[in-house]
Q: 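First the structure, then my questions, so here it is.
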Amino acid sequence: MAGQAGLEEVVAAQTKLSDIDGKLGRLSYVGYDIHDLATHSTFEEVVFLLHHLRLPRADELEALSEELAEERTLSEFLADLMPTLAQQTSPMSMLRTTISAASAYDPDGWDQSPEANLRKAMRLVAKTPTLIATYHRHRTDQDPVQPNPKLPHAANFLAMLLGEEPDQDTARALDITLVLYADHTLNASTFTARVIASTLSDMHSAITGAIAALKGPLHGGANEEAMKMLEEIGTVDRAEEYVKDRLARKQKIMGFGHRVYKTEDPRATHLRRLSRELGERHGDMRWYEISERVEKVVMEEKGLYPNVDFYAASVYHSMGIPTDLMTPIFALARMAGWTAHVREQYADNRLIRPESEYIGPLDQQYVPIEERAESESEAAS
Ligand code: COA
């Protein structure tokens, strides 16, 4: 029987980590509504939730936060790689390469025990912000900023990236976006990670594969494209014409539509609010106002809702985050979900090995190489 193109609606794994109701526009992690988590939880708390399948007590959250802060520093090997990578590679290629390279220096080595894999997961979550920030400092000819163990995950990332401690509201805004991006059922990169884990390959290999999948423009990258679009539009009065013109040329509006959500993506609700609040705080409503106008026109013209990536673009831009780091920040947050999915796969593993449907020629006559005519080979290729 023919398979479903793109595996749409095919259930390929069971998970206790996250769940989407596309009709009602609901997302939950371990049964907790994303609205509650985005309102009350920090990213660190969500890391605990995804890895322990329950919310932490205060002392447990403190211990996890300390563990993450201790693991932020890069090994000498990774720090030495960075100047070359900053000159030679794009941010996502750097991340794919360094996460792979990090396996060589992980203190747990090839230990595949559940305890070692949890420690590896926490190290990956802890080090990803340092990798992105160090890369950016090098490529802009600035000295890397050492992690500050006194700062939480989100605030420390901004401090390492921009060279100054962010105000509390900006740090919390980033923290909320990390909560929103932390997991999202069996998206392409998470599925990739689970397929690799199902061969009993190691944690770093599975995460390297996930990053490679996220790198593609059909998965990650929409927040960057949305920002480029807002910049092209430039002013609110140009938004309507721009959108209509694009739609008339059958081009997609980046940051709109979703395979699963048939109503508003619940993450977009928070990001729209954050975009407005950050704009107000910085006295620059331009990006929010253009976004709002684009949203209105896309709804009128196509009946499409914004997804997570649309308002994330103006949120990150307002924080001073360069556009090409928006997908790496998606990875920074999703590291929580990827690593939890890999551990979930190991805990109850069966090799993921689907079938394919053969659609090539049948019963071909084998011809020895010296008798193969040029025209026949060309016709076949
Ligand atoms: N802009 C304009 N039209 C869009 C659109 C968009 N962003 N997203 C979907 N559509 C239209 C399609 O053109 C198609 O219209 P048609 O029936 O007239 O041909 C219809 O909606 C269905 O789209 P399709 O691409 O088949 O839906 P999908 O479920 O396969 O794709 C996405 C979902 C997310 C890939 C798609 O909406 C998209 O490409 N969005 C932009 C990229 C993006 O924001 N990605 C991040 C997702 S979190």
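Throughout, numbering of the chain's residues begins at 1 and tracks the sequence. Worth saying up front: this structure is predicted, and the values here are computed from it rather than measured. Both counts, for ligands and for their atoms, begin at 1 and track the order of listing.
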Q: Less than 3.5 Å between some nitrogen or oxygen of V308 and one of ligand 1, yes or no?
A: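 Among all N and O atoms of V308, none is under 3.5 Å from an N or O of ligand 1.
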
Q: Under 4.0 Å from a heavy atom of G257: which atoms of ligand 1 are those, numbered in the order shown and with their elements?
A: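 Under 4.0 Å from G257, ligand 1 has these atoms: 34 (C), 37 (O).
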
Q: If we count only non-hydrogen protein atoms and require a distance under 4.0 Å, does atom 32 (C) of ligand 1 qualify as touching the protein?
A: no

Q: Do any nitrogen or oxygen atoms of K252 lie less than 3.5 angstrom from nitrogen or oxygen atoms of ligand 1?
A: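 It does: an N or O of K252 is found under 3.5 Å from an N or O of ligand 1.
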
Q: Side chain or backbone, does G255 bring an N or O within less than 3.5 Å of an N or O on ligand 1?
A: yes

Q: Do any nitrogen or oxygen atoms of Q251 come within less than 3.5 Å of a nitrogen or oxygen of ligand 1?
A: no

Q: Determine, considering heavy atoms only, which of I253, D265, V260 sits nearest to atom 7 (N) of ligand 1.
A: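 Answer by nearest heavy atom: I253.
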
Q: Are H184 and H258 an aromatic pair, judged by ring center distance below 6.0 Å?
A: yes

Q: Between Y305 and F256 (judged by ring centroids, cut-off 6.0 Å), do the two rings come close enough to count as a pair?
A: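 Not close enough - the centres of the two rings lie 6.0 Å or further apart.
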
Q: Given V298, L304, V243, L247, identify the one with the heavy atom nearest to atom 9 (C) of ligand 1.
A: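 Heavy atom nearest to atom 9 (C) of ligand 1 belongs to L304.
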
Q: Which atoms of ligand 1 sit under 4.0 Å from any heavy atom of D309?
A: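 Taking each heavy atom of D309 in turn, ligand 1 has 46 (C), 48 (S) under 4.0 Å.
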
Q: Do protein heavy atoms approach atom 26 (O) of ligand 1 to less than 4.0 Å?
A: no

Q: May I ask you to check whether R267 has an N/O atom sitting below 3.5 Å from an N/O atom of ligand 1?
A: no

Q: Side chains of D143 and H138: donor-acceptor distance under 3.5 Å anywhere?
A: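 The criterion, which ignores hydrogens and geometry beyond distance, is not satisfied for H138 and D143.
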
Q: Yes or no, since that's all I need: does a protein heavy atom fall within a distance strictly under 4.0 Å of atom 47 (C) of ligand 1?
A: yes

Q: Against ligand 1, does L218 come closer than 4.0 Å with any heavy atom?
A: no

Q: Right, does atom 17 (O) of ligand 1 have protein non-hydrogen atoms nearer than 4.0 Å?
A: no

